[in-house]
Number of protein chains: 2
Amino acid sequence: MLYVKNTESIRCMDPFLPAKRYFQEISATSIHYLSLDCVVFGFHHNELKVLLLRWKDTEEWSLPGGFIGKRESVDAAAIRVLQERTGLEHLFLQQFHVFGAAERYDQDDTWARTKLGWDPESWSERTISLGYYALVDYTKVTPMPDLLSDECRWWAVDQLPRLLFDHNHIIEVALKTLRRQLSWQPVGYNLLPDKFTLPELQRLYETILGRPLDPRNFHKKMMGLNILERLEERRRGGAYKSPYLYRFRPEAYEQALEEGAMAFG
Amino acid sequence: MLYVKNTESIRCMDPFLPAKRYFQEISATSIHYLSLDCVVFGFHHNELKVLLLRWKDTEEWSLPGGFIGKRESVDAAAIRVLQERTGLEHLFLQQFHVFGAAERYDQDDTWARTKLGWDPESWSERTISLGYYALVDYTKVTPMPDLLSDECRWWAVDQLPRLLFDHNHIIEVALKTLRRQLSWQPVGYNLLPDKFTLPELQRLYETILGRPLDPRNFHKKMMGLNILERLEERRRGGAYKSPYLYRFRPEAYEQALEEGAMAFG
DNA sequence: CCAAAAGTGTTAGGGCTACACCCATGT
DNA sequence: ACATGGGTGTAGCCCTAACACTTTTGG
């Protein structure tokens with residue numbers, strides 16, 4: 001993290017000192033009232049997952065997030081935050097909503113702030129949050145906790161714990177957005193590894209859409225779009241018949257998205 | 001406007017005083033770094049239009065906008081701003097993008113700020129803008145300038161002047177969003193008066209999509225959706241054959257949107 | 001009576017849906 | 001051998017796109 005250089009020396013004294021110190025630093029260097037919350041989607045074992053952080057010395061989970069430097073572009077801030085959490089160089093990032101209700105943090109806020117050592121003196125009373133979602137290749141991510149958290153790990157979207165603040169709601173909105181954008185955003189391209197099988201791609205679509213698709217129709221449709229290249233290689237090692245591996249053809253993929261051709265009725 | 005009570009007494013002294021005073025007041029009562037910019041779409045004479053403001057004593061035009069009170073919900077601020085500009089009670093409002101590049105205002109900024117009497121002492125160096133678009137019934141709007149502008153009026157989207165800041169770009173993004181959302185947002189419902197003719201609705205779709213539609217297919221499709229009610233009444237007075245008037249059936253309309261049924265290939 | 005716009009039906013083709021069986025592989 | 005998931009073709013239907021003439025009205 002950019003703003004606090006020496007964590008160890010701080011940590012020994014007051015369990016809340018890192019947080020207090022952190023927010024003081026942020027106040028000085030970042031934009032007030034505004035924060036980023038990032039919903040990082042990954043796909044693994046046929047499940048859609050999101051990255052969550054566990055706050056230091058608690059069992060409380062929340063979305064990875066951060067703040068925007070006073071002279072930093074908003075997108076750059078989101079990229080910076082996610083690079084720190086995931087270790088990825090490039091990532092697909094999309095702003096999807098501004099959460100700006102005045103009462104946004106009022107409800108469980110006193111509770112949360114006390115719990116997390118949030119000092120009202122050093123922080124503003126309300127926060128407007130810019131919601132970003134990211135699509136990442138699960139296999140390439142190294143989840144890393146930040147200064148305020150002990151743990152960073154994946155959770156299946158349909159088995160989330162109760163999160164701090166309105167973060168459950170933020171994830172819901174991100175999911176809805178993802179569903180709607182499936183036909184014109186490079187969802188498959190960013191969520192899957194370079195090589196993948198057709199059933200994996202189908203599972204991905206099914207998971208996001210929340211309903212089963214017919215494998216024959218799926219095959220026909222995907223192949224008809226000419227965006228997939230079938231490799232000689234097959235995925236070995238799993239039990240049963242080994243499926244072919246495929247790879248996206250980036251140019252054709254882009255074009256199909258332009259035309260909105262990847263819609264599923 | 002909320003922040004300055006007595007404009008007249010201020011205006012006589014320094015041509016830039018109202019602006020300076022305005023920004024000082026805003027600094028005290030509103031959230032720094034953040035602003036709202038609203039693209040208000042209306043439809044009239046078969047043209048899609050947007051509301052623009054002309055800054056006091058200049059020929060410079062920009063989008064209506066405003067700031068968010070420190071304890072005000074973001075949506076509420078946008079509604080407040082647009083009620084002041086349009087006189088409408090209810091309006092359909094949708095946030096569509098955050099414009100947050102650090103260099104957003106850097107280019108023509110010195111120029112613009114000097115021109116508009118923007119005092120760097122009393123205002124922060126950069127602004128992140130929340131983009132909202134609104135869909136309004138042109139016939140019900142009374143355009144009203146704000147404290148900093150002399151004039152508020154409609155401009156056809158395809159004949160816009162060069163606007164201040166990045167407002168031309170903001171309108172472009174709003175239009176793209178509108179196009180994409182045509183199939184699941186109540187666009188026709190909000191842009192047209194209660195009663196309208198089928199050709200008017202078709203013109204609206206054609207304008208937003210930027211291409212002509214076949215009248216027979218349009219008729220068939222709209223009628224097939226069961227969202228329109230044909231009235232006995234016809235529009236008289238125009239030359240030539242008088243068209244029937246129609247009205248939306250709100251429940252059916254909502255449902256068609258849910259199903260994304262209003263897409264045009 | 002003429003000019004301009006409104007209103008309307010049919011047909012052909014493509015894409016979507018529904019549906020069932022054999023194949024390959026590891027245990 | 002068997003259990004499990006992978007891979008594939010066909011037929012009906014609906015939706016879409018293409019296409020032209022008649023009616024109404026005001027001038």
Side-chain angles (χ1 to χ4, degrees), chain A residues 44-47 182-184 192 195-207 209-247 255-257 259-265, chain B residues 44-47 182-184 192 195-207 209-247 255-257 259-265:
Chain A
H44 192 60
H45 285 329
N46 292 337
E47 276 188 317
L182 196 50
S183 59
W184 56 275
L192 292 176
K195 300 172 183 180
F196 52 89
T197 68
L198 256 198
E200 281 164 0
L201 184 60
Q202 186 181 333
R203 270 355 128 229
L204 173 59
Y205 272 81
E206 290 176 332
T207 308
L209 293 172
R211 71 190 150 89
L213 299 170
D214 181 283
R216 284 160 294 193
N217 295 335
F218 188 82
H219 179 268
K220 203 188 324 164
K221 166 136 190 177
M222 279 297 160
M223 287 324 204
L225 291 173
N226 265 322
I227 57 172
L228 292 178
E229 177 186 358
R230 174 154 133 183
L231 309 174
E232 287 309 310
E233 201 179 349
R234 285 154 173 259
R235 167 145 306 161
R236 323 297 310 226
Y240 324 124
K241 180 167 182 176
S242 0
Y244 288 99
L245 285 170
Y246 293 79
R247 190 192 292 153
Q255 201 192 327
L257 290 175
E259 297 162 6
M262 304 192 59
F264 280 80
Chain B
H44 192 59
H45 285 329
N46 291 337
E47 276 188 318
L182 196 50
S183 59
W184 57 274
L192 292 176
K195 300 174 182 179
F196 52 89
T197 69
L198 255 197
E200 281 164 1
L201 184 61
Q202 187 181 333
R203 269 356 127 228
L204 173 60
Y205 272 82
E206 289 176 332
T207 307
L209 293 171
R211 73 190 149 87
L213 299 170
D214 181 283
R216 285 160 292 195
N217 294 336
F218 188 82
H219 180 268
K220 204 186 327 162
K221 167 138 190 175
M222 279 298 161
M223 288 324 205
L225 291 173
N226 264 322
I227 57 173
L228 292 179
E229 178 186 356
R230 175 153 133 181
L231 309 174
E232 286 311 309
E233 202 179 348
R234 284 154 174 262
R235 168 145 309 162
R236 322 296 310 224
Y240 322 125
K241 182 168 181 176
S242 1
Y244 287 99
L245 285 170
Y246 293 79
R247 190 192 292 152
Q255 200 192 329
L257 289 175
E259 297 163 5
M262 304 192 58
F264 281 80

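A note on names: the letters A, B, ... follow the listed sequences, proteins ahead of strands, and every chain is numbered from 1.
- Of the candidate nucleotides C:dG7, D:dA18, D:dT8, D:dT8 has the atom lying nearest to any side-chain atom of A:Pro215.
- Rounded to the nearest 0.5 Å, atoms CG (A:Leu225) and NZ (A:Lys220) are 12.5 Å apart.
- Sorted by first then second residue, the ring pair (Phe, Tyr, Trp, His ring centres under 6.0 Å) pairs that include residues 209-242 of chain B, not counting sequence neighbours, are B:Tyr205-B:Phe218, B:Phe218-B:Phe264.
- Atom C1' of nucleotide D:dG5 and atom CZ of A:Arg203 are separated by 9 Å, given to the nearest angstrom.
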Pairs under 3.5 angstrom, nitrogen or oxygen only, protein versus nucleotides 25-27 of chain D, please.
none

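- Taking atom CE on A:Met222 and atom C1' on D:dT8, their separation rounds to 17 Å, with Å as the unit.
- Under the 4.0 Å criterion applied to side-chain N and carboxylate O atoms, B:Arg203 and B:Glu47 are not assigned as salt-bridge partners.
- Of all heavy-atom pairs between A:Ile227 and A:Met262, the closest is CD1-CE, 3.8 Å.
- Here B:Arg235 lies out of heavy-atom contact (under 4.0 Å) with every strand.
- Between the CE atom of B:Met223 and the P atom of C:dT8 there is a distance of 7 Å, given to the nearest Å.
- For C:dC16, neither phosphate oxygen OP1 nor OP2 lies less than 4.0 angstrom from any side-chain nitrogen or oxygen of A:Lys220.
- For the pair B:Gln202 CD and C:dT8 C1', the computed distance is 13 Å after rounding to whole Å.
- The side chain of B:Asp214 approaches D:dC19 more closely than any other nucleotide in the set D:dG6, C:dG7, D:dC19.
- If you check D:dG6, D:dT16, C:dG7 against the side chain of B:Leu198, the one that comes closest is C:dG7.
- Under the salt bridge (Lys or Arg N to Asp or Glu O under 4.0 Å) criterion, B:Glu233 pairs with B:Lys195, sequence neighbours left out.
- Each of A:Glu200 and B:Arg216 lies near DNA chain D, and the nucleotide nearest A:Glu200 is the one positioned closer to the 5' end.
- Rounding to whole angstrom units, CG of residue A:Leu213 and C1' of C:dA18 are separated by 14 Å.
- Pairing each heavy atom of A:Tyr244 with each of A:Arg234, the nearest pair is OH-NH2, 2.7 Å.
- The interatomic distance linking B:Glu206 (CD) with C:dA6 (P) rounds to 11 Å, in whole Å.
- The heavy-atom pair separating B:Leu192 from B:Leu201 by the smallest distance is CD1-CD1, 3.6 Å.
- Taking atom CG on A:Leu201 and atom C1' on D:dG7, their separation rounds to 15 Å, with Å as the unit.
- Not one side-chain nitrogen or oxygen of B:His219 sits closer than 4.0 Å to the OP1 or OP2 atom of C:dG7.
- Rounded to whole Å, atom P of D:dG6 lies 15 Å from atom CZ of A:Phe196.
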